[in-house]
Number of protein chains: 2
Amino acid sequence: MSHLVTPTELRVLDATKTCCERWGIAKVTIDDIAAEAGVSRATLYRMFPGGKDVLFDALRVHELEDFFTRLSAHIHDTTDLEELLVRTVVYATVELRSDDHLALMLASEPGDTLGNLTVQGLPRIIRMASLFIAGKVEPYLDRANAQRLVDLLARLVISYFLAPSDHVDLGDERSARTFITTHILPTFVPPAVQPASTH
Amino acid sequence: MSHLVTPTELRVLDATKTCCERWGIAKVTIDDIAAEAGVSRATLYRMFPGGKDVLFDALRVHELEDFFTRLSAHIHDTTDLEELLVRTVVYATVELRSDDHLALMLASEPGDTLGNLTVQGLPRIIRMASLFIAGKVEPYLDRANAQRLVDLLARLVISYFLAPSDHVDLGDERSARTFITTHILPTFVPPAVQPASTH
DNA sequence: GACACTAAGACGATTTCCGTCTCACCGTCA
DNA sequence: TGACGGTGAGACGGAAATCGTCTTAGTGTC
């Protein structure tokens, strides 16, 4: 799932992570990261042309990929569509809320939490979640329906953090299952019963 | 014990503390603190002429005074010299090690702990500890002996954090008592038995 | 030796930060 | 009412940092 990342790039990303935890994203400088990674500033700019923005974007993507890799491992044995959706939503809800660093990376201030994310971070995580879930549910639905479902679920998960009181408790598996089976699944029509492709 | 601090000054000190915890002392700016305290920069400079250094000094003193106030309350019922020393050392050791913010204020980097204090912070805490302990043990000893004892004990407590393996476990009351009664007290001669003064 | 990659650091441009200053505002008290 | 002390907002010039690019020299590989 994860695209190619060289060891040095990984070291830089780890250093960025460390520096963010120490000083907050607003106070980190390129030199801090380079020093922490034991890398010269020139090397850092060679790896991430565009400077801080590109570097932070890369870190965000890297962190999200990590998250989706863990999520993938968590649902790899699921074949039923409903089960897949329920476990995805529950895992994403619980893990996202407990992943402090992910919150840090998506926020702009160290004090921010997933509960008061800036508007810049939200579309990104929704897009990433969509890409991930799309790959998992596509065999069960036609492309248009899958996209609708994906958007709906991703926004459902994310909006959970923004106004928890307005929504069902997605972290509870039973309520998540009830919500999905009664409100989401009935609106979609699977094009074929068997998920396994022929070729 | 604590000298006069106006409510606004206290608010500024609290804001400084908050900002330090958020960004680390190396990254905090005057404007950050002023904004956090809801105070203009002009007001801040009027209260603490000299800028950041004076402000941080004031905060350090304030934090240490807080600590010594708590310590004072902890040993207020002690009249025996040995008991006084033991409880002071044990309390100081345990509390100093668990007081993250004090460590933060004495360190120059947020990652620093009392275990790797910079050399600037150490003399300050030793001096403050000396002043405090001196006032407590002076009735029991003549002035010269008291000063020797104070220096020795203060350095003992502090050095505990610098190389724990080389020293007795001062956080354990029994070992602290043993160490004090066998190694420290015998070298001092009390000038008078009764601590109560006549006038 | 050619080559790719790197650390170290100089450089100018830009931005941030500092400390001081002015000015308007707002309560208090005579 | 008017003087007065304290405050917030913000302009200002200088100092310091940060940025992004660049050169140079060193290192390991083929």
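Just the heavy atoms: all of them, side chains too, but no hydrogens, waters or symmetry mates, feed the values below. Lettering of chains follows the sequences in order, A, B, ..., and the numbering in each one begins at 1.
For B/D31, the side chain to side chain donor-acceptor pair (under 3.5 Å) partners are B/R41, not counting sequence neighbours. Applying the side chain to side chain donor-acceptor pair (under 3.5 Å) test to A/S40 and every residue at least two apart in sequence or in another chain returns A/T43.
Look at CG on A/L55: it is 11 Å from P on D/dG20, rounded to the nearest Å. In this structure, the OH atom of B/Y45 is 7 Å from the P atom of C/dT20, given to the nearest Å. B/R11 places its CZ atom 12 Å from the C1' atom of D/dG8, with the value rounded to the nearest Å. Note: CZ (A/F48) to C1' (D/dG20) measures 16 Å, nearest angstrom. As a whole-Å value, the separation of B/W23 CH2 from C/dT16 C1' is 14 Å. The NZ atom of B/K27 sits 13 Å away from the P atom of C/dC18 (whole-angstrom rounding). Per the geometry, CG belonging to A/D31 stands 13 Å off C1' belonging to C/dA7, to the nearest Å.
Here C/dT6 is the nucleotide among D/dG8, C/dC17, C/dT6 with the atom lying nearest to any side-chain atom of A/R46. If you check C/dA7, C/dT20, D/dT18 against the side chain of A/V39, the one that comes closest is C/dA7. Looking at the side chain of B/M47, the nearest of the listed nucleotides D/dT7, D/dC19, D/dG8 is D/dT7. Of all nucleotides listed (D/dG20, C/dT6, D/dG8), D/dG8 comes nearest to the side chain of B/T43.
Where B/K52 and A/L44 each meet DNA chain C at their nearest nucleotide, the meeting point lying more 5' is that of A/L44.
No option in A/I25, A/T16, A/I30, A/L44 other than A/I30 meets the side chain to side chain contact (heavy atoms under 4.5 Å, CB included) test with A/K52.
How far CE of A/M47 is from CZ of A/R11: 7.5 Å, rounded to the nearest 0.5 Å. For the atom pair B/D14 CG and B/L59 CG, the distance stands at 8.5 Å (nearest 0.5 Å).
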Are there any protein N/O atoms within less than 3.5 Å of an N/O atom in nucleotides 10-12 of chain D, and if so, which ones and at what distance?
from: D/dA11; atom 1: N6; to: B/R41; atom 2: NH2; distance (Å): 3.0

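The closest side-chain heavy-atom distance from B/K17 to B/H62 is not below 4.5 Å.
Ion pairing between a basic and an acidic side chain is recognised when a charged N comes within 4.0 Å of a carboxylate O; B/E173 and B/R87 show no such pairing.
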